[in-house]
Amino acid sequence: MSIAQKIKISMSQSSLIRKMFEEGAILKNKYGAHKVYDFSLGNPNVEPPELFKRELLNLAGQIIPNKHGYTHNAGYPETRQMIAEKINKTHGLKLKGDQVIMSCGAGGALNVIFKSLLDPLDEVIVPKPYFVEYPFYIDNYGGVTRYVQTNNDFSLNIEAIFAAITEKTKAVLINSPNNPTGKVYSEKNIADLSSMLTDKTNKMKKAIYLVSDDPYSEIVYDNIEVPSALSAYKHSIIASSYSKTLSLPGERIGYIAINPEIEEADELINALILCTRILGFVNAPALMQRVVAKLQNAKVNVEIYQKKRDLLCSGLEQAGYQFEKPMGAFYLFPKSPLPDDMGFVKILLKRNILVVPGSGFGGPGYFRIAFCVDDETIINSLDGFAEAIKECS
Ligand SMILES: Cc1ncc(COP(=O)(O)O)c(C=O)c1O
């Protein structure tokens with residue numbers, strides 16, 4: 001087969017989640033789907049808000065000239081304006097509509113951002129553990145991922161980020177609420193990062209961008225607020241989407257927004273628009289752009305996820321697992337009772353429980369449970385989790 005060498009390597013590197021997925025399919029065939037507790041994928045299982053369905057039906061029935069035609073590569077001006085207004089309210093900024101670019105999800109947004117910023121061998125600093133696709137996105141444009149450890153509570157280790165900065169550093173990529181840890185970085189943590197980067201940027205006389213991947217920004221628990229990276233740091237860019245907030249991952253709709261103070265903001269915007277076009281996205285899905293414009297104040301029922309988090313956390317705590325309680329997103333990242341997280345995942349697999357080893361996220365010694373599943377799956381899996389940890393003691 002004439003598959004590119006680089007892709008062959010990437011295929012073998014990205015095999016952990018795929019492997020769990022394949023194992024799951026085999027188990028489901030053998031035992032039936034309800035006897036398999038599949039926590040491997042972050043596919044939201046809470047329905048989109050009612051308003052989404054109403055707006056979509058409404059739009060489907062309307063006659064609008066060129067409704068299904070190409071949109072401007074940056075997206076519809078009305079949608080960009082609505083999003084800018086929402087960002088201004090939540091982040092306390094003065095963004096204009098043309099500082100927002102519509103994208104094909106947060107994944108599409110990150111690819112457009114890195115295509116716009118990276119020259120070959122430019123470095124992007126990524127705190128561990130991280131979302132599995134980041135290194136691939138960075139590598140797509142010849143960039144190099146520089147991993148740094150987070151603190152024990154998964155907060156950003158500012159000294160480690162500082163120490164990783166070189167002449168080649170183009171960006172720091174953060175994600176809060178975090179996949180896989182559920183961590184939300186505190187205001188102080190973000191402020192410390194911002195002041196360190198401002199210092200470095202001034203000394204090096206070149207911008208280090210802070211790219212904040214925000215698809216879970218509205219999936220937070222216990223009424224906490226997510227501190228804004230966009231307003232904390234001048235050279236910041238957010239990649240966001242409605243995949244989780246509105247449960248629309250298959251619709252591929254999201255956006256990029258930049259801090260209006262960024263130097264050469266217009267040039268950056270033009271680069272982002274060009275990259276949206278030439279990466280083959282052309283534009284974000286037209287119908288979805290119109291729908292999300294109307295849903296700026298809507299989100300999925302987060303209480304449903306909070307209940308799942310609480311069910312899972314209290315069950316696992318009783319069984320003796322150690323973890324940081326997730327503050328947002330829908331992932332729990334407990335310590336593996338065995339140092340070998342792959343080995344422990346196999347012990348869970350014997351009880352038809354599918355989770356992903358932390359090694360796949362750059363977090364060996366941990367494992368990830370995606371709790372965006374039915375309550376029954378959580379409840380019925382708890383005995384298996386308890387037996388698995390006993391087997392290791
Ligand atoms: C941290 C993180 N970033 C980006 C994405 C991609 O999101 P989207 O579906 O909006 O492209 C995901 C999806 O799970 C994610 O967890």
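- In terms of hydrophobic clustering, with Ile, Leu, Val, Met, Phe, Trp and Tyr side chains grouped at heavy-atom distances under 4.5 Å, L110 and V112 are assigned to a common cluster.
- Side-chain polar atoms of N179 and R368 form a donor-acceptor pair below 3.5 angstrom.
- When each of F361, F344, F154 is tested with Y366 by the rule ring pair (Phe, Tyr, Trp, His ring centres under 6.0 Å), just one qualifies, namely F154.
- Around atom CG of N152, no more than 12 heavy atoms belonging to other residues, nucleotides or ligands sit under 6.0 Å away.
- Counting all heavy atoms, side chain and backbone alike, T71 lies closest to A286 at CG2-CB, 3.7 Å.
- D139 has a carboxylate O that lies under 4.0 Å from a charged side-chain N of K6, or vice versa, which qualifies the two as a salt bridge.
- For the residue pair Q99 and K94, the shortest heavy atom distance occurs at OE1-O, 4.3 Å.
- In this structure, a donor-acceptor pair under 3.5 Å is present between the side chains of Q306 and D222.
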With salt bridge (charged side-chain N to carboxylate O under 4.0 Å, His left out) as the test, would you mind laying out the steps for E218 and K86 before giving the verdict?
CA-CA 12 Å; E218 304 215 35; K86 168 80 185 283; 2.9 Å; yes
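- When every heavy atom of L210 is checked against every heavy atom of L193, the shortest pair comes out as CD1-CD2, 3.7 Å.
- Heavy atoms only, all atoms of each residue included: L51 and A298 are closest at CD2-CB, 4.3 Å.
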Check step by step if salt bridge (charged side-chain N to carboxylate O under 4.0 Å, His left out) holds for E317 and K325.
CA-CA 10 Å; E317 199 169 19; K325 199 170 183 184; over 6 Å; no
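- Of all heavy-atom pairs between G365 and D341, the closest is N-OD1, 3.2 Å.
- By the 4.5 Å heavy-atom criterion applied to side chains, L197 and I165 are counted as neighbours.
- Under the 30°/60° scheme for interplanar angles, the aromatic rings of Y331 and Y216 are found to stand perpendicular.
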Between D192 and M196, does the side-chain contact (heavy atoms from CB on, under 4.5 Å) criterion hold? Intermediate values first, please.
CA-CA 6 Å; D192 289 348; M196 184 275 283; over 6 Å; no
Please report the C-alpha distance between Y147 and Y130 in whole Å, then the side-chain angles of each, then the deciding distance to 0.1 Å, and finally whether the ring pair (Phe, Tyr, Trp, His ring centres under 6.0 Å) criterion is met.
CA-CA 9 Å; Y147 300 103; Y130 54 83; 4.9 Å; yes
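- By the rule that hydrophobic residues join a cluster once side-chain heavy atoms approach within less than 4.5 Å of another member, I113 and F131 end up as members of one cluster.
- Residues Y137 and F114 keep their aromatic ring centres 6.0 Å or farther apart.
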Output side-chain donor-acceptor pairs under 3.5 Å for residues 41-50, partner residues at least two apart or in another chain, one line each.
unit_1 : atom_1 : unit_2 : atom_2 : d
N45    : ND2    : V373   : O      : 3.2
E47    : OE1    : K53    : NZ     : 3.3

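- For the residue pair D374 / T377, no side-chain donor-acceptor distance below 3.5 Å is found, with atom types taken as modelled.
- Counted within 6.0 Å of CG on N202, heavy atoms from surrounding residues, nucleotides or ligands total more than 12; the atom is thus considered enclosed.
- Using the six-membered ring where Trp is involved, Y209 and H235 have ring planes that are perpendicular, over 60° apart on the 30 and 60° scheme.
- V355 is connected to I379 through a chain of hydrophobic side-chain contacts under 4.5 Å among Ile, Leu, Val, Met, Phe, Trp and Tyr, so both are in one cluster.
- Remark: K244 fails to qualify as a cation-pi partner of F330 under the 6.0 Å distance and 45° angle criteria applied to the six-membered ring.
- Taking the six-membered ring for Trp and thresholds of 30 and 60 degrees, F367 and F385 have nearly parallel ring planes, at less than 30 degrees apart.
- Using a cut-off of 4.0 Å between Lys/Arg side-chain N and Asp/Glu carboxylate O, K346 and D340 are scored as not salt-bridged.
- N157 and N151 share a donor-acceptor pair across their side chains, judged by distance under 3.5 Å alone.
- Side-chain heavy atoms closer than 4.5 Å link hydrophobic residues (I, L, V, M, F, W, Y) into clusters, and following such links, possibly through other members, connects V126 to L118.
- In this structure, the side chains of D213 and I174 stay at 4.5 Å or more apart for every pair of heavy atoms.
- A search for salt bridge (Lys or Arg N to Asp or Glu O under 4.0 Å) contacts involving K350 returns E391, not counting sequence neighbours.
- Hydrophobic clustering (side-chain heavy atoms under 4.5 Å, transitive across Ile, Leu, Val, Met, Phe, Trp, Tyr) keeps L156 apart from I237.
- The local environment of NZ in K294 is sparse, with at most 12 non-hydrogen atoms from other residues, nucleotides or ligands closer than 6.0 Å.
- For the pair E123 and K170, the salt-bridge criterion is not met [side-chain N within less than 4.0 Å of a carboxylate O].
- A salt bridge links K28 and D38; the closest N-O separation between the charged side-chain nitrogens and carboxylate oxygens is under 4.0 Å.
- Of the N and O atoms on the side chains of R290 and Y76, at least one donor lies less than 3.5 Å from an acceptor on the other residue.
- Taking the charged nitrogens against the carboxylate oxygens, D375 and K307 do have a contact shorter than 4.0 Å, which makes a salt bridge.
- Between the side chain of H72 and the backbone N or O of A74 there is at least one donor-acceptor pair closer than 3.5 Å.
- Side-chain N or O atoms of Y221 include one that pairs as donor or acceptor with a backbone N or O of A329 at under 3.5 Å.
- For the pair K35 and N352, the tightest heavy-atom approach, listed with the atom from each and the gap, is O-ND2, 3.1 Å.
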